[in-house]
Amino acid sequence: MRARPIQLRNLLKPISSPSLNRIHLQKPVPFSLSSSTQTSLNKPLIPKPFFKSDRYDGLVNRLCRDKKFKEAIDVLCQQKRLKEAIQILDLLDHSSIRPSAAIYSTLLQLCLQQRALEEGKRVHAHIKFSGFVPGVFILNRLLDMYSKCESLVDARKLFDEMTQRDLCSWNTMISGYVKIGELDEAHKLFEEMPEKDNFSWSTMISGYVRRDRPKDALELYRRMLRDENMKCNKFTVSSALAASAAVPCLQLGKEIHGYIMRTGLDSDAVVWSALSDMYGKCGSIEEARHIFDKMLGRDVVSWTTMIGRYFEMGRREEGLGLFSDMLRSEIRPNDFTLAGVLNACSNQAAEDLGKQVHGYMTRIGFDPFSFAASTVVHMYSKCGNIESAKRFFKGISQPDLVSWTSMISGYAQNGQPEEALRYFELLLKSGTKPDHITFVGVLSACTHAGLVDKGLEYFRSIEEHGLTHTADHYACLVDLLGRSGRFEEAEEIIDKMPMKPDKFLWASLLGGCRIHGNLRLAKRAAEALLEIEPENAATYVTLANIYATAGMWDEVEKIRKTMDERGVVKNPGSSWIEVKRQVHVFLVRDKSHPRSKEIHDFLDKLSMRMKEEGYVPDTNYVLHDVEEEQKEQNLSYHSEKLAVAFGIIATPPGTPIKVFKNLRTCGDCHTAIKFISKIVEREIIMRDSNRFHRFKNGTCSCGDFW
DNA sequence: ATCCGCAAAA
């Protein structure tokens, strides 16, 4: 930056004119020049940003001397040297040359490009005082400059002052409002404007889409169709597709698809990607893929979108397949792509694969300041490898909030709540501002550690950090109190909290009631929960388990009947384990695995050893009315046990085993795996839908506090 | 001018 004044000096030096001295005074040279020779003056302190700009300086000097100010400004603007270009206006003032629309237009265009509001205002002021009467073209440029700089108040002032406005003025004004999200103001103008073109319509439509008002967008699109003067172009069609994708409305999307084919608008890459995305968002992933395959000019974003779509639907194999296709194509994945793949690894707990992606990122040299770094932290911590997460985290020079939060909640879930809280303190020291999700991690750490009072303190401190309590925070608080049996306080909070308790809160409370056998409150929580989501089988099952533990079998039976009547289907529990980069999935009583016989034989043997060690099956966890002796058998074939057993026989002795379950683990399995970890002398890590359990030598990191 | 992509918890 320090090179600038020198350039200016060089540029102006050969000209002798009274106005030049003025500029010299305005721009003092920031270091001593007394001993410098002419040659050293010509050498810039830092490399000049533009090729051969020395020659251009000479050129500009000559142009100014010849009073060819317009040309001088053009040269400077081409080099994006806005500040110097504006200085030329001063030279102009002191000459007999009158400013022209062309000069202002060039300058404004550069201001607009660089979002330079201050400079733009200077040009505007110059126009006002130079006596130049701007035409609608220049005024539109000014409008555009203000609206691109998001200075809508200035834009509107100008707009209202304009004696004549053309279509472009209206459109510029509208798109300015749309850009800053003032859709209602934009819409007001939209209704007022004398005539609308494709731009007006598509700006409004896509504005509504982007601000999450897809219904308004569609309504507008329908209105546009009724307007006989309007013929859709690729812009309106694209925004209409985005609208039907956002609603989502497959039927309308298909209509637009048909329209596109009929009118030959299908030659545009953007239209194609909007089309593919519309099908993807409307759930027709096959159709989306079909269009993707036929699409010309697929870019990183289209690849990333398509890959992410598969992951969204849980179709991991296809997503990864497409990712490897991408690696073989000429398009390179970027941070978004990698983040998407890593995120899929996190959710599926595919650590080996995640490691590979991490390795790939290291090889191509990813930007350590990018959000992609945070997804690596998240991946390791979600895969239960908090050590790797920490190692990677420590290698980031300036971790972002997401990385911090991933570490905090990672520790909280992995049975090291003290470490989580330590990281929170470190975060505060680092000067990063926590957000509401960080506090969810902190509060859940307190919950896992049983630090009720400390949790209450953190809860109170949330507002001191300039944040407001969210429903999530209240859910954490109730979880905290409920798990340690402080139900009175929990209920008081529920009755007093400023928003309606959500399903997470009631589910937490129900969990607390299960631990402490609080039947009355369990009933209240379950009722509230069933009102919110009557189809969730987990609620029925938990409530039934609470009654079963209390020996109230009539109630259990009643719940079972209600479930049948309402047609509630239990979400099938499944567990999986990654062995040699292959994922093996197990369901209850699953016999489909190729090594099923071995697994079951092994479990039988294990079962005997466990009983010798003092394990007693807890049949309360069996909801359905099977015969007593059969219950025990059902238990031993729960998916998590199958996956653990397979892990043991498929890996060398001593290898830690990592199993993942889509639901919460059942209490009996939890006890059983504690025994297994001791018998086979393995560390067993299980991630259920709630947290991690690390079993080692007969105990679990959750301290049975789940 | 228009389209599409990431992230922390429960």
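Lettering of chains follows the sequences in order, A, B, ..., and the numbering in each one begins at 1.
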Practice prompt. Return no unless some side-chain N or O of A:Ser175 is found under 4.0 Å from OP1 or OP2 of B:dA1.
Written response: no
Worksheet item: Can you check whether A:Arg309 has a side-chain N or O nearer than 4.0 Å to OP1 or OP2 of B:dC4?
Response: no
Discussion item. Any donor-acceptor pair, under 3.5 Å, between the side chain of A:Asp335 and the base of B:dG5, if you only look at N and O atoms?
Written reply: no
Practice prompt. Verify the distance criterion only: is there a donor paired with an acceptor across the side chains of A:Arg514 and A:Thr542 at less than 3.5 Å?
Written response: no
Practice prompt. Scan for side-chain hydrogen bond (donor to acceptor under 3.5 Å, both in side chains) pairs involving residues 288-298 of chain A, sequence neighbours excluded, and state none if there are none.
Written response: A:Arg289-A:Asp293, A:Arg289-A:Tyr310
As a test of reading the structure: which of [options] is closest to the side chain of [X], going by heavy atoms?
X	options	value
A:Val301	B:dA7, B:dC4, B:dA1	B:dC4
A:Lys281	B:dC4, B:dC6, B:dT2	B:dC4
A:Asp472	B:dA9, B:dA1, B:dC4	B:dA9
A:Ser406	B:dG5, B:dA10, B:dA8	B:dA8
A:His448	B:dG5, B:dT2, B:dA10	B:dA10
A:Gln413	B:dA10, B:dT2, B:dC6	B:dA10
A:Phe371	B:dA9, B:dC6, B:dT2	B:dC6

Nearest whole Å is fine: how far is [N] [atom2] from [X] [atom1]?
X	N	atom1	atom2	answer
A:Leu443	B:dA8	CG	P	18 Å
A:Tyr411	B:dA9	OH	C1'	18 Å
A:Leu220	B:dT2	CG	C1'	15 Å
A:Arg298	B:dC3	CZ	P	21 Å
A:Asn690	B:dA10	CG	P	7 Å
A:Leu338	B:dA7	CG	P	13 Å
A:Ile408	B:dA7	CD1	P	19 Å
A:Met407	B:dA7	CE	P	19 Å

Worksheet item: Which residues, if any, of residues 373-382 of chain A bring a heavy atom under 4.0 Å of DNA chain B?
Response: A:Thr375, A:His378
Worksheet item: Under a 4.0 Å heavy-atom cut-off, which of residues 432-441 of chain A touch DNA chain B?
Response: A:Asp435, A:Ile437, A:Val440
Discussion item. Counting the atoms with a prime plus P, OP1 and OP2 as sugar-phosphate, which does A:Asn334 contact under 4.0 Å by heavy atoms, base, sugar-phosphate, or nothing?
Written reply: base
Discussion item. Taking any heavy-atom pair under 4.0 Å as a contact, classify A:Ala475: base, sugar-phosphate, or nothing.
Written reply: nothing
Discussion item. Could you report the tightest heavy-atom contact between A:Met145 and A:Leu112, atom names first, then the distance?
Written reply: N-CD1, 3.8 Å
Worksheet item: Could you walk me through whether A:Ile493 and A:Leu477 pass the side-chain contact (heavy atoms from CB on, under 4.5 Å) check?
Response: CA-CA 9 Å; A:Ile493 281 162; A:Leu477 197 58; 3.6 Å; yes
Worksheet item: Is the ring centre of A:Phe190 less than 6.0 Å from the ring centre of A:Trp201?
Response: yes
Worksheet item: Would A:Ser302 and A:Phe292 count as a side-chain contact (heavy atoms from CB on, under 4.5 Å) if you check the C-alpha gap in whole Å, the side-chain angles of each, and the deciding distance to 0.1 Å?
Response: CA-CA 8 Å; A:Ser302 1; A:Phe292 174 84; 4.2 Å; yes
Worksheet item: Using 30° and 60° as the class limits, which term best fits the ring planes of A:His469 and A:His473: parallel, tilted or perpendicular?
Response: perpendicular
Worksheet item: In terms of the nearest nucleotide of DNA chain B, which residue is placed more toward the 5' end: A:Asn233 or A:Ser409?
Response: A:Asn233
Practice prompt. Before giving the answer on side-chain contact (heavy atoms from CB on, under 4.5 Å), spell out for A:Thr405 and A:Leu401 the whole-Å C-alpha distance, their side-chain angles and the decisive distance to 0.1 Å.
Written response: CA-CA 6 Å; A:Thr405 307; A:Leu401 181 62; 3.9 Å; yes
Discussion item. Quick check with a 6.0 Å cut-off and a 45 degree axis cone: is A:Arg316 positioned over the face of A:Phe311's six-membered ring?
Written reply: no
Fill in: Flag, side chain of A:Thr362 to backbone of A:His358, donor-acceptor distance under 3.5 Å
yes
Worksheet item: Is there side-chain contact between A:Cys702 and A:Arg694, with heavy atoms separated by less than 4.5 Å?
Response: no
